[in-house]
Amino acid sequence: MSLQISGVDVEPVLANAAQADNDGQRRSKLQRILFDALGIREDGTLIGAQPFVNYEHAWRGTKREIDLYFEAVAEVSPDRLKGRGVPVLVLGLPFDPKGRPPSTHLAHAKNFNDDGASGGMVWQPAYLSDRAMKDLGTLVRIDFLLAGTGERLNEAARMLSASDREQARAVLRSQQSALHQRIRACIETAYGIRNDNDGCIGTPVPPEDRLVSLQGTFVPQMPVGADMKAAVTQLLDRWFEHRYPAHPMFDTEVRDAVLRRVLDRVHEAAQEPDQRKYIEDTADRKHLGAIAVPLKLAVMSQTQLQLTNDWANHFATMHARTGGGPLTVAKLRAWIDEPKPMGLPQRVQDLVILAFAAQADRAPVRNGAPATISLDRIDDTIEMREEALPDETTWAKARERAAALFGLKPGEVRKGATLSALAAELQEKGAAKRTLLAELLKDLRPWADRFGVAATAPRFATMRSAQALLGDLAGAATPLARVEALADADLETSEAAVGRLLAALSEVREAVASADWNIIEAGTGLGDHRKGASEGLREKLVEMLDADEHAVQLRPVLRDVQTRASRLLAETKPTGGQPPERDPPLPPPGEEVVDERQQVVLEASAATAAIDELRGRLVASPGARLTISWRLTRPKSGGAA
């Protein structure tokens, strides 16, 4: 037993949906089918709501924006045909609600004044036949009936039983699918993509008349494609090839992340003496081969990136040809398209300009002051000036001192980029250390005066040298001036002394600020039975304050002096005939006390445990030295224990 549903007559049902079939809905349906064929996602509200869609076309690794219209050509105003800086593609309607022939639309396009136009094409299709238009109307009605929750179909098929309505629904769905495929084929036939084997065309348009250029120098030819998308892709490829004949063929999609990686590697290579760099990362090698090589920024062997001078030579030639003057970003952008237009997206232009600046020692300047540029932003008003560089002797001295005084590792090559990088690091490090040093001198100098340490002492001479250097670095107006200030600085003591001071500045400043100077002063000025020990402490303190940091470290000595001073102050005067306790000897210069205990009387077992503990601490502290004073006693023979 089989169920036949073809016997249900759906014509009355379709007749009840006649109100849904009009020129606007037919046009909207054609648009949805066409845009679906082109891979454009749209919500069906384009017609009458906005004039165009932004169609993205992939060409030679770049994404190009197209203003795409689906509209009666005669209804597209000259201003819209002129465009807004991107190509215009007008896909005309395959019918005209106003009854105008295709020749009217073609005449409108051919009479367009293309002066100052963005360029592009008009594609006028043939008109659909009456049969095709009837099928389109039927499809519009079916779409209307099957949309939503089904209430429309129930209302239109109210004369049918419930079971017949379900059969009608199945029939309409089958017709909907078949009509959709037929209308899509008729659209491609109207635009000339396929032959008319199904009676789709009513008013034909000769193939040679279908395409009209919106830019006089381009003569479009009918594309050959398997479908509408392939044909549009081919047509746009030809337009871009004509418009930008010098555009490179990138082997990968040009994305911001890729451009940044390429620029980083180019910058690194530019800092090498021969502008050649080994590329370890395989992804970087791939991107450099796909982007930097077609752009003529470099050549890429299997592992080595070698920068080229193509752009530097080209810009120098154009600069001389145009009479010299300030070399602005705007000029560089214009010269990129000489002698033939390349049409590079702005981010790729920025890559070329930044790579040129790195190779040719050009620094960005805005209104006479250094400026910051990147792939994210390069203002066209920026001027790219030649960097003023120090001589070789000054550069070598500056690099040596940058390492010795600040622990920096500046690039070897004497170029603007390495100069600017070093100057920036000096400014950053110098600013923080300058504040610390000023605070240290403010706190330490008064106490040095109290203890009779001369201002000419090595420690303070080194501090003055460092302070003068940091002041000169802060006051330098340009990277060159800052680097020259470093190289030419007159150091009263030595680079080693200044370098050690700057390296230990933070801990020295903290030690001086946290010290209890009142205790130190009191403990080093005693005149009673503790005088000898007090004078010893004072001598140690003065020796530390007088010596450079690299000779005697302030922090451990100051801590030890304060600890001993506290003990001296806590010590009481001996009574009776008991001899005073001797103060433990001071540690040798350059050493600090790890632990110290008062002597106690221990029984044999406790003494053995103490000795074992001391032995363990000596083993655990390689390089430690032990100062001991010991006494062994026992009960006298015949006496009381």
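We number each residue from 1, following the sequence as shown. All heavy atoms count here, side chains included; hydrogens, waters and symmetry mates do not.
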With sequence neighbours left out, the residues meeting side chain to side chain contact (heavy atoms under 4.5 Å, CB included) with Ala283 are Arg261, Asp281, His287

Residues passing the side-chain hydrogen bond (donor to acceptor under 3.5 Å, both in side chains) test with Arg450, sequence neighbours excluded, are Glu521

Residues at least two apart in sequence or cross-chain that pass salt bridge (charged side-chain N to carboxylate O under 4.0 Å, His left out) with Arg445, listed by chain then number, are Asp449

Could you give the side-chain donor-acceptor pairs of residues 402-414 under 3.5 Å, partners two or more places apart or in another chain?
unit_1: Arg414; atom_1: NE; unit_2: Glu392; atom_2: OE2; d: 3.2
unit_1: Arg414; atom_1: NH1; unit_2: Pro390; atom_2: O; d: 2.8
unit_1: Arg414; atom_1: NH2; unit_2: Glu392; atom_2: OE2; d: 3.4

Contacts satisfying side chain to side chain donor-acceptor pair (under 3.5 Å) that involve residues 352-361 (not counting sequence neighbours) are none

Are Phe240 and Trp59 near enough that their ring centres are under 6.0 Å apart?
yes

*Applying side chain to side chain contact (heavy atoms under 4.5 Å, CB included), run through Trp335 and Thr322 and close with a yes or a no.*
CA-CA 10 Å; Trp335 294 341; Thr322 55; 3.3 Å; yes

Do side-chain atoms of Gln306 reach the backbone of Asp274 as a donor and acceptor pair under 3.5 angstrom? yes

Residue set satisfying salt bridge (charged side-chain N to carboxylate O under 4.0 Å, His left out) with Arg362, at least two apart, ordered chain then number -> none

Residues at least two apart in sequence or cross-chain that pass side-chain hydrogen bond (donor to acceptor under 3.5 Å, both in side chains) with Asp443, listed by chain then number, are Arg509

Across all chains, not counting sequence neighbours, the side-chain hydrogen bond (donor to acceptor under 3.5 Å, both in side chains) partners of His57 are Asp237

With a cut-off of 3.5 Å and sequence neighbours excluded, list every side-chain donor-acceptor pair involving residues 340-354.
unit_1: Arg347; atom_1: NE; unit_2: Leu375; atom_2: O; d: 2.9
unit_1: Arg347; atom_1: NH1; unit_2: Asp256; atom_2: OD1; d: 3.3
unit_1: Arg347; atom_1: NH1; unit_2: Asp256; atom_2: OD2; d: 2.8
unit_1: Gln349; atom_1: OE1; unit_2: Arg333; atom_2: NH1; d: 3.0
unit_1: Gln349; atom_1: NE2; unit_2: Leu344; atom_2: O; d: 3.2
unit_1: Asp350; atom_1: OD1; unit_2: Arg333; atom_2: NH1; d: 2.9
unit_1: Asp350; atom_1: OD1; unit_2: Arg333; atom_2: NH2; d: 2.8

Arg377 meets the side chain to side chain contact (heavy atoms under 4.5 Å, CB included) criterion, sequence neighbours left out, with Asp379

| task | Kindly determine whether Glu268 and Arg265 satisfy salt bridge (charged side-chain N to carboxylate O under 4.0 Å, His left out), including the steps that lead there. | result | CA-CA 5 Å; Glu268 292 167 3; Arg265 302 295 86 77; 3.0 Å; yes

(request) Using distance alone, with no hydrogens and no angle criterion, decide if Asp560 and Thr563 have a side-chain donor and acceptor under 3.5 Å apart. (result) no

Anything under 3.5 Å between a donor and an acceptor, one on a side chain of residues 293-303, the other on a protein residue two or more places apart or in another chain? List them.
unit_1: Ser301; atom_1: OG; unit_2: Gln304; atom_2: N; d: 2.9
unit_1: Ser301; atom_1: OG; unit_2: Gln304; atom_2: O; d: 3.2

task = In sequence, state the C-alpha distance, the side-chain angles, and the governing distance for Asp264 and Arg260, and then conclude on salt bridge (charged side-chain N to carboxylate O under 4.0 Å, His left out).
result = CA-CA 6 Å; Asp264 287 344; Arg260 293 182 196 283; over 6 Å; no

Requested in this report: Verify salt bridge (charged side-chain N to carboxylate O under 4.0 Å, His left out) between Arg84 and Asp67, making sure each step is shown before the conclusion.
Outcome: CA-CA 9 Å; Arg84 56 185 184 91; Asp67 285 352; 2.8 Å; yes

So the side chain to side chain donor-acceptor pair (under 3.5 Å) pairs with at least one residue in residues 483-505 (sequence neighbours excluded) are Lys397-Glu495, Arg401-Glu495, Thr462-Thr493, Arg464-Glu492

Is the His242-Trp239 ring centre distance short of 6.0 angstrom? no

